[in-house]
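Excluded from the calculations below are hydrogen atoms, water molecules and symmetry mates; all remaining heavy atoms, backbone and side chain alike, are included. Quick note on labels: first sequence line is chain A, next is B, and so on, each numbered from 1.
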Amino acid sequence: MNAVVLDHITKTYEAGKVLAVDDVSLEVAAGELFGLIGPDGAGKTSIFRILTTLLLPDKGAASVNGRDCVKDYKAIRRSVGYMPGRFSLYQDLTVAENLHFFATLFGTTIEANYDLIRDIYEQIKPFSDRRAGKLSGGMKQKLALCCALVHKPEVLFLDEPTTGVDAVSRKEFWEMLRTLKQQGITIVVSTPYMDEAVLCERIALIQGGKIMSVDTPANVIATFPVKLYAVKAANIYRLLTSLREDTAIDSCYAFGEYVHVTFRDDAEPDLQQWQQKLTAQGHEQVEAKKISPSIEDSFIRLMNEKQNGQP
Amino acid sequence: MNDKVIVCEELTKQFGDFVAVNHISFDVRKGEIFGFLGANGAGKTTAMRILCGLSYPTSGKATVAGFDVYKQQESIKKNIGYMSQKFSLYENLTVVENIEFFGGVYGLSSAEIRRRSDRLVNKLGLAPEAKKLVGSLPLGWKQKLAFSVAIFHDPQIVFLDEPTGGVDPITRRQFWDMIYEAAAAGITVFVTTHYMDEAEYCNRITVMVDGKVEALDTPGNLKARFRAASMDEVFYQLARGAKRSAD
Ligand SMILES: Nc1ncnc2c1ncn2[C@@H]1O[C@H](COP(=O)(O)OP(=O)(O)OP(=O)(O)O)[C@@H](O)[C@H]1O
Ligand SMILES: [Mg+2]
């Protein structure tokens with residue numbers, strides 16, 4: 001059975017002037033860990049808000065665990081957990097009071113489902129008497145997640161849950177999502193972190209309110225159409241500037257300590273010659289190699305193709 | 001001495017009994033891109049707010065652009081730009097109104113503001129959006145605009161608190177192009193981020209753990225010291241230590 005179904009959903013704002021969701025159809029299987037990936041303004045938050053019954057679509061139908069998002073909104077609200085991107089906490093309540101409030105709202109207690117939230121909650125528990133407004137940015141995200149989980153929802157909607165969360169906690173957070181999945185909870189999550197997109201079973205790439213593809217991360221990466229190279233030098237910014245002036249290069253962008261490069265007509269450079277050329281241009285400690293693309297490379301390529309109107 | 005634009009010695013901030021920033025010491029050099037990393041709650045924003053002249057330390061010393069963080073907060077504010085972790089523009093003003101407002105705050109003449117404002121709007125490719133409310137722009141655009149506004153008055157130093165949080169991979173890179181450009185023009189950049197690939201783009205990095213500076217070096221040296229292939233690993237080794245002591 002599908003836990004989440006979107007059937008030709010369209011949503012506009014400002015009396016039809018802004019098209020936020022453009023005829024989107026999508027199915028998420030029960031128990032699946034599903035990612036919505038796309039740039040800001042792509043329509044992800046609108047989709048979350050329609051599925052959590054907080055927003056009415058202009059056209060189309062949506063359902064969660066067989067319940068209609070418009071007619072059965074009450075049943076849906078009781079059975080799903082939703083973590084909106086920002087501002088879901090009561091800033092003037094303490095950490096403990098916020099969690100207690102959400103538990104009470106859903107007629108449960110913190111203790112009843114403590115197992116679900118333990119790993120994350122223990123990190124902010126030392127500060128349980130602190131008002132939410134005085135927490136650091138990432139600590140707020142952790143509390144918001146606990147609040148969305150405290151009633152053991154059937155389906156969990158997480159809109160950029162790890163934005164502002166540090167690298168160590170993000171790893172722990174995704175381990176926790178995997179545990180939740182093992183307990184049968186369906187999870188739909190959006191994220192700007194591409195290393196997290198890889199951890200989803202399937203991802204939908206969204207841009208401009210439209211779904212560009214739905215596939216496993218492995219398949220998305222496998223369809224990267226050209227050869228990819230990584231090159232580094234002592235001064236990355238200068239290297240980037242040189243590469244941008246090279247007419248043989250089709251695309252280049254910083255990627256940690258390397259710059260990733262593709263060549264026009266998918267040409268294959270002689271690595272040795274290329275390194276010598278860059279060294280002659282005054283770059284130091286040049287190192288170039290051929291690499292396999294990551295999901296972030298795929299994403300950047302797909303988004304740029306779409307923007308430049310290529311197929 | 002002259003090329004040190006930020007000097008911190010034993011800088012400390014307490015909230016009641018809680019020590020948020022714990023005797024931190026470091027220097028930042030002119031024109032440097034200085035990365036300020038650390039786990040959630042490590043004390044980055046708290047320290048940054050002191051350096052921006054927005055809050056007083058409990059003890060310790062610091063100067064920013066040569067001005068004292070206790071006695072010369074107003075001079076500090078005039079000589080720096082600050083982009084806060086929360087969004088730092090007015091959502092219900094238009095793009096141009098925001099630029100005019102902040103230009104005015106920094107005491108630029110209206111002719112100067114208009115000249116710079118036109119140049120900026122064109123450079124960002126925001127001309128069609130100039131009369132739109134900032135609240136209606138995608139996050140990436142807002143952040144680029146907020147950065148431009150933060151350096152609108154040609155400050156000596158710009159402080160950026162998680163400027164790319166939640167920003168997509170393409171826009172993130174465009175943002176870093178702007179950072180490089182500002183640094184090349186001589187503006188010192190003090191930046192926090194949770195994206196470890198961005199840590200690689202900094203000249204030097206500090207990693208804060210539980211209010212203390214646990215490491216300070218170039219990304220290359222840090223990786224060598226921790227025998228790590230990436231900054232992600234360096235960070236993991238340092239910040240995981242914090243979690244243990246919290247148990
Ligand atoms: N006004 C305040 N009163 C009490 N505690 C505070 C106050 N401001 C900050 N803190 C606490 O100080 C610590 C450091 O917070 P800070 O915001 O500096 O962290 P951070 O390193 O910026 O974290 P993040 O990466 O999550 O933004 C946290 O434990 C926070 O709750
Ligand atoms: Mg912070």
Side-chain angles (χ1 to χ4, degrees), chain A residues 13-14 18 37-42 85-86 122-127 130 134-142 160 162-172 190-195 207 232 234-238 240-241 244 253-258 285 295-297 299-300 303-304 307, chain B residues 15 18 20 33 37-46 85-87 136-143 161-162 164-174 176-177 179-181 183-184 194-201 219-220 223 230-233 235-240 242-243 246-247:
Chain A
Y13 297 104
E14 292 177 30
V18 180
I37 313 294
D40 187 69
R86 275 147 232 230
E122 306 258 295
Q123 294 174 29
I124 47 174
K125 212 173 164 189
F127 312 106
R130 196 170 285 175
K134 303 228 155 137
L135 295 176
S136 80
M139 290 156 83
K140 282 184 190 154
Q141 293 293 96
K142 290 174 184 172
E160 299 198 1
T162 56
T163 291
V165 174
D166 66 65
V168 175
S169 303
R170 287 202 297 120
K171 288 201 178 90
E172 289 168 359
S190 71
T191 177
Y193 287 99
M194 294 300 123
D195 57 348
Q207 190 172 39
K232 72 173 170 181
N235 185 329
I236 286 241
Y237 185 53
R238 274 197 41 225
L240 203 50
T241 316
R244 282 183 183 147
Y253 43 86
F255 210 103
E257 61 176 324
Y258 287 91
Q285 296 158 39
I295 190 89
E296 189 149 350
D297 293 300
F299 177 88
I300 290 173
M303 295 294 151
N304 280 334
Q307 256 159 25
Chain B
F15 297 106
F18 181 76
I33 302 178
L37 310 188
N40 296 134
K44 303 179 296 295
T45 299
T46 306
Q85 187 169 359
K86 291 184 211 144
F87 185 52
S136 70
L137 298 180
L139 176 72
W141 285 111
K142 288 180 190 169
Q143 296 302 83
D161 199 356
E162 288 189 42
T164 55
V167 174
D168 69 75
I170 295 175
T171 315
R172 230 152 48 73
R173 287 172 171 85
Q174 292 167 350
W176 271 90
D177 274 340
I179 291 184
Y180 277 129
E181 213 177 286
H194 289 302
Y195 289 93
M196 289 305 127
D197 58 332
E198 295 182 353
E200 302 276 2
Y201 309 150
K223 280 183 283 183
S230 64
M231 276 308 299
D232 201 40
E233 273 177 45
F235 185 82
Y236 203 74
Q237 288 186 36
L238 280 164
R240 202 183 35 193
K243 294 279 151 54
D247 290 345

Nearest non-hydrogen partners of A:S136 and B:G41, listed with the distance: OG-N, 3.2 Å
Does any part of the side chain of B:Y195, heavy atoms only, come nearer than 4.5 Å to the side chain of A:Y193, both counted from C-beta? yes
What closest approach, in Å, do B:G165 and A:T163 show between heavy atoms, and which atom pair accounts for it? C-CG2, 3.8 Å
The interface call for A:M194 against chain B, heavy-atom contacts under 4.5 Å, is side chain
For the residue pair A:F127 and B:F18, categorise the inter-ring angle as parallel (less than 30°), tilted (30 to 60°) or perpendicular (more than 60°). perpendicular
Do B:D168 and A:I37 have side-chain heavy atoms sitting under 4.5 Å apart? no
Report yes or no: does B:R173 contribute a side-chain atom to a donor-acceptor pair with the main-chain N or O of A:Y253 at less than 3.5 Å? no
Below 4.5 Å, heavy atoms only, C-beta onward: do A:V165 and B:H194 meet side chain to side chain? no
Between B:F235 and A:V168, is there a side-chain heavy-atom distance shorter than 4.5 Å? yes
Check against salt bridge (charged side-chain N to carboxylate O under 4.0 Å, His left out), B:R172 and A:E296: CA-CA 12 Å; B:R172 230 152 48 73; A:E296 189 149 350; 3.1 Å; yes
Single hit among A:K142, A:K140, A:Q141 for side chain to side chain contact (heavy atoms under 4.5 Å, CB included) with B:N40: A:K142
For residues B:Y180 and A:T241, determine if any side-chain heavy atom of one lies less than 4.5 Å from a side-chain heavy atom of the other. no
I need the minimum non-hydrogen distance between B:P169 and A:I300, along with the two atoms involved. CB-CG1, 4.1 Å
Are any of the side-chain nitrogens in B:D232 or A:R170 under 4.0 Å away from the carboxylate oxygens of its partner? no
With a 4.5 Å cut-off on heavy-atom pairs, point out which of A:R130, A:E14, A:M139 contacts chain B the most. A:R130
Any heavy-atom pair between the side chains of B:Y201 and A:E257 that's under 4.5 Å? no
With a 4.5 Å heavy-atom cut-off, do A:D40 and B:W141 have their side chains touching? no
Answer yes when B:K44 and A:D166 have at least one side-chain N-carboxylate O distance shorter than 4.0 Å, and no when they do not. no
Less than 4.5 Å apart, any side-chain heavy atom of B:F15 and any of A:K134? no
